[in-house]
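Structure record follows, encoded as structure tokens.
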Amino acid sequence: MTEVRVRFPPSPTGYLHIGGARTAIYNWLFAKQHNGKLILRIEDTDAERSTQESIQGILDGLEWLGVTWDEGPYFQSEFANDHVATAKKLLDSGHAYKCFCTKEELDAKREAAAAAKGDYRYDKTCRGLSAEEAAEKEKQGLPYVVRFKAPEGDGAVGFDDKVYGRVERSYDDIEDFVIVRSNGKPLYLLCNVVDDIRDRITHIIRGQDGLVNTPRQILIYEALGVTAPVFAHMPLTLDLKKAKISKRSHGEIVAVQFYRQHGFLPWALCNFLVLLGWSTTDDQEIFSREEMINAFSLERINRANSIFNYRKGDPKFFTDPKAINMNAHYLRTMPVEELAPLVKEEFVADGIWDAAYDNDKKEWFLKTLDLIRDRFHTLKDFAQAGRAYFADDYEFQPKTVKKNILKHPDLKEWLPQLAERFEEISDFTKEEVERVTREFATALDIKPGIPINGIRASVTGQLAGPGLFDVVLAIGKERVIERMKKVAQLY
RNA sequence: GUCCCCAUCGUCUAGCCUGGUCCAGGACACCGGCCUUUCACGCCGGCAACACCGGUUCAAAUCCGGUUGGGGACGCCA
């Protein structure tokens, strides 16, 4: 059996967006499943729009996602000679011809067709040129493009798409398309095929927007006498208004980088993206890498486009709720040892990392992460909502202070008093702290919730959190007492 | 406009090929309850969909035709 070889060919005209990432992931999964190779090829022939920065961004994005490639990155621009040589070959073999029609002539015809509400297709003016006529025009220095001779007659080109099934396109619908510009530079349709042949690509998994190109590319394969690879077109990702998501109209929300910056776990994003258009029959939605590699199949890719459920300005969900939910799921279920280094990165960046978390305080660090992670959605939450456990410069949420502190003016005295009782506890355990707290409430004849919520608010700044006595133990006797004594500053 | 593709809860989807087991299952979101000092987790429950019309059939989400709706492509971009 021949080796499975797939490729991901981004054009470096911007950051890696989630649509591209999903394509890359599907290719990667397919390669892994078949012990094949994923080839990364940067399609940088559009020198105008390609940037070095963008290339780096794509590489970084893939790396972060964990999409590893086996060959490349190759750069399409380095194979220009191949493309030119192939165009010449097609010319020599009579599969293509030189067309001297000018852009102006063509534009005029196109407009005329549009005005007449007809559809435009190149009229093959130059297809009938004899060798002499063409040579003559060329000698005059007239610029020309190279056009592929589309087959004529009643036939059709077809192929069996792995997700869409049999796809056919009649010859009538295919015009003599341009494969080389008048400046001598070959176009995408040709370059892509040449590169895929050279890279011995066996399966092309790409977006459905490439579906209409496929028949023409198959024609090129045929003209070159090469068996075309297997095609699998995947549905597109649309926004809530059903428009194709794009960097231009959606901005950073569709950039992989955005998710990295907002505390997403790479695999959580991958898992979410894979599920956008692919599923199994058994309702499984959470997959480990290995499970996903095993379960994935081209045939189970959905044919309908899917919608990326993102509402701009949503106060609760900054991106698709399912993506956030999935991230939160991984955050609270992954081994805490694996979570720790990721949180460390955040803390280091935030300046609240303590080297002891890797040594003396490691056990405490892991235990604390485990304690607080249940209600977090992203890695960012550890340094924000969870800040009070690790630093003293935590913030007090205004509504929390209002509800759990200001509402009970007596807390100004109660909390420091209770703090003094805490100081006297020699055996500072959860049970002891709870007992002392409840006795305090009973003595004052107030609901235990008042001091309990007051403590939480003063020592964490947060309205919600783990069980208060776990919180107290995690933050530690000294810090808790100190913070409780400073409650007056909140009034 | 032309060509192509698609159509199940708000969103992601299962079921469609091989009609009956589907008055349509799961997940997210939402609502209620339990738990509880809070929020979350967890558990329990609820809301909510076969785009429409016709045909085939004893029987259609499933097959066929049409309509409507949506998307994509129509470049000397990739």
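Each chain gets a letter, A, B and so on, in the order its sequence line appears, and its residues count up from 1. No experiment lies behind these values; they were computed from the predicted model shown.
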Which is true for [X] with a 4.0 Å heavy-atom rule: it touches a base, it touches only sugar-phosphate, or it touches nothing?
X         : answer
Cys99(A)  : nothing
Tyr164(A) : sugar-phosphate
Phe317(A) : sugar-phosphate
Lys242(A) : sugar-phosphate
Arg303(A) : sugar-phosphate
Glu43(A)  : sugar-phosphate
Lys244(A) : sugar-phosphate
Val178(A) : sugar-phosphate

Problem set entry | Terminal contacting nucleotides, 5' and 3', RNA chain B versus chain A (heavy atom, 4.0 Å) |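 So the contact region on RNA chain B extends G1(B) to A78(B).
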For this session: Could you list the residues that satisfy ring pair (Phe, Tyr, Trp, His ring centres under 6.0 Å) with Phe308(A), not counting sequence neighbours?
Result: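 Applying ring pair (Phe, Tyr, Trp, His ring centres under 6.0 Å) to Phe308(A) gives none.
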Problem set entry | Pairing partner (Watson-Crick or G-U wobble, both distances under 3.5 angstrom) of G45(B) |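 Because both required distances fall under 3.5 Å, G45(B) counts as paired with C31(B).
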Exercise. For A14(B), what is the paired nucleotide under Watson-Crick or G-U wobble rules, both distances under 3.5 Å?
Worked result: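 Pairing partner, where one exists within any strand: none, as none qualifies.
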Exercise. Does any pair with a residue in residues 182-192 of chain A pass salt bridge (charged side-chain N to carboxylate O under 4.0 Å, His left out), and if so which ones, sequence neighbours excluded?
Worked result: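 Listed once each, the pairs would be none.
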Problem set entry | Where at least one partner belongs to residues 459-473 of chain A, residue pairs that pass salt bridge (charged side-chain N to carboxylate O under 4.0 Å, His left out), sequence neighbours excluded |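 Only Lys430(A)-Asp470(A) qualify under salt bridge (charged side-chain N to carboxylate O under 4.0 Å, His left out).
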Using the [atom1] atom as the reference point in each nucleotide, state the distance between [N] and [M] in Å, no decimals.
N      : M      : atom1 : result
A29(B) : A51(B) : C1'   : 23 Å
G1(B)  : A27(B) : C1'   : 41 Å
C30(B) : C41(B) : P     : 10 Å

Exercise. Quick one: do Glu434(A) and Arg438(A) make a salt bridge, cutoff under 4.0 Å?
Worked result: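 A salt bridge is present here (some side-chain N lies under 4.0 Å from a carboxylate O).
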Exercise. By side chain to side chain donor-acceptor pair (under 3.5 Å), which residues pair with Thr319(A), not counting sequence neighbours?
Worked result: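 Applying side chain to side chain donor-acceptor pair (under 3.5 Å) to Thr319(A) gives Tyr259(A).
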Exercise. Is there a residue in residues 321-330 of chain A whose heavy atoms reach under 4.0 Å of RNA chain B, and which residues are they?
Worked result: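 Heavy-atom cutoff 4.0 Å gives Pro321(A), Lys322(A), Asn325(A).
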